[in-house]
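Reviewing the structure listed below.
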Amino acid sequence: MLIVTTPKEGNSVKITDVRVRKISKESKMRAIVSITIDDEFVVHDIKVIEGEKGLFIAMPSKKATDGEYRDIAHPINSATRDSIQRIILEAYEKAKDEPDEM
């Protein structure tokens with residue numbers, strides 16, 4: 001179980017599951033991740049992307065009518081985002097060394 005502590009009043013949520021699907025094709029996207037929060041809420045389609053400065057996550061998004069992509073779900077503050085990103089990237093690093101499923 002992984003815990004993300006939010007700045008407000010020390011509240012915390014538990015990321016109780018992280019599922020990593022590695023992407024094998026040549027692209028900057030390395031994986032698609034789903035996280036479960038407190039065994040009650042799931043966020044699918046978080047992307048792990050290789051950028052110029054290293055790996056980062058992109059929250060699930062959809063294309064708006066103006067052509068811009070807008071996040072569907074995202075953390076409200078940067079501290080929570082940083083914690084979620086750290087947890088996801090740690091899970092990705094572990095999954096990277098595991099053999100691909102058939």
Does the [X] side chain pair with the main chain of [Y], one donor and one acceptor, at a distance under 3.5 Å?
X: K22; Y: A95; result: yes
X: D66; Y: E68; result: yes
X: N77; Y: T80; result: yes

Evaluate salt bridge (charged side-chain N to carboxylate O under 4.0 Å, His left out) for E90 paired with R86, printing each intermediate quantity in order.
CA-CA 6 Å; E90 285 173 5; R86 178 184 46 78; 3.8 Å; yes
Spacing of [X] atom [atom1] and [Y] atom [atom2] [to the nearest 0.5 Å]:
X: H74; Y: S61; atom1: NE2; atom2: OG; value: 11.0 Å
X: F56; Y: K28; atom1: CZ; atom2: NZ; value: 8.5 Å
X: I88; Y: I35; atom1: CD1; atom2: CD1; value: 5.0 Å

Donor + acceptor pair across side chains of T16, D39 (<3.5 Å)
yes
For salt bridge (charged side-chain N to carboxylate O under 4.0 Å, His left out), just list the numbers for K47 and D45, CA-CA rounded to whole Å, side-chain angles, deciding distance to a tenth of an Å, and then say yes or no.
CA-CA 6 Å; K47 297 168 194 71; D45 297 332; over 6 Å; no
Could you tell me which non-hydrogen atom of S34 sits nearest to which non-hydrogen atom of H44, and how far apart they are?
OG-ND1, 2.8 Å
If you compare all heavy atoms of I57 against all heavy atoms of Q85, which two are closest, and at what distance to 0.1 Å?
N-OE1, 3.1 Å
Tell me whether M59 is reachable from I49 by hopping between hydrophobic residues (I, L, V, M, F, W, Y) whose side-chain heavy atoms are closer than 4.5 Å.
no
Shared hydrophobic cluster for F41 and V33 (ILVMFWY, side-chain gaps under 4.5 Å):
yes
Between V48 and the options L89, V20, I32, I23, the side chain to side chain contact (heavy atoms under 4.5 Å, CB included) test singles out L89
Show your reasoning for whether side-chain contact (heavy atoms from CB on, under 4.5 Å) applies to Y69 and K62.
CA-CA 5 Å; Y69 283 88; K62 74 178 204 176; 5.8 Å; no
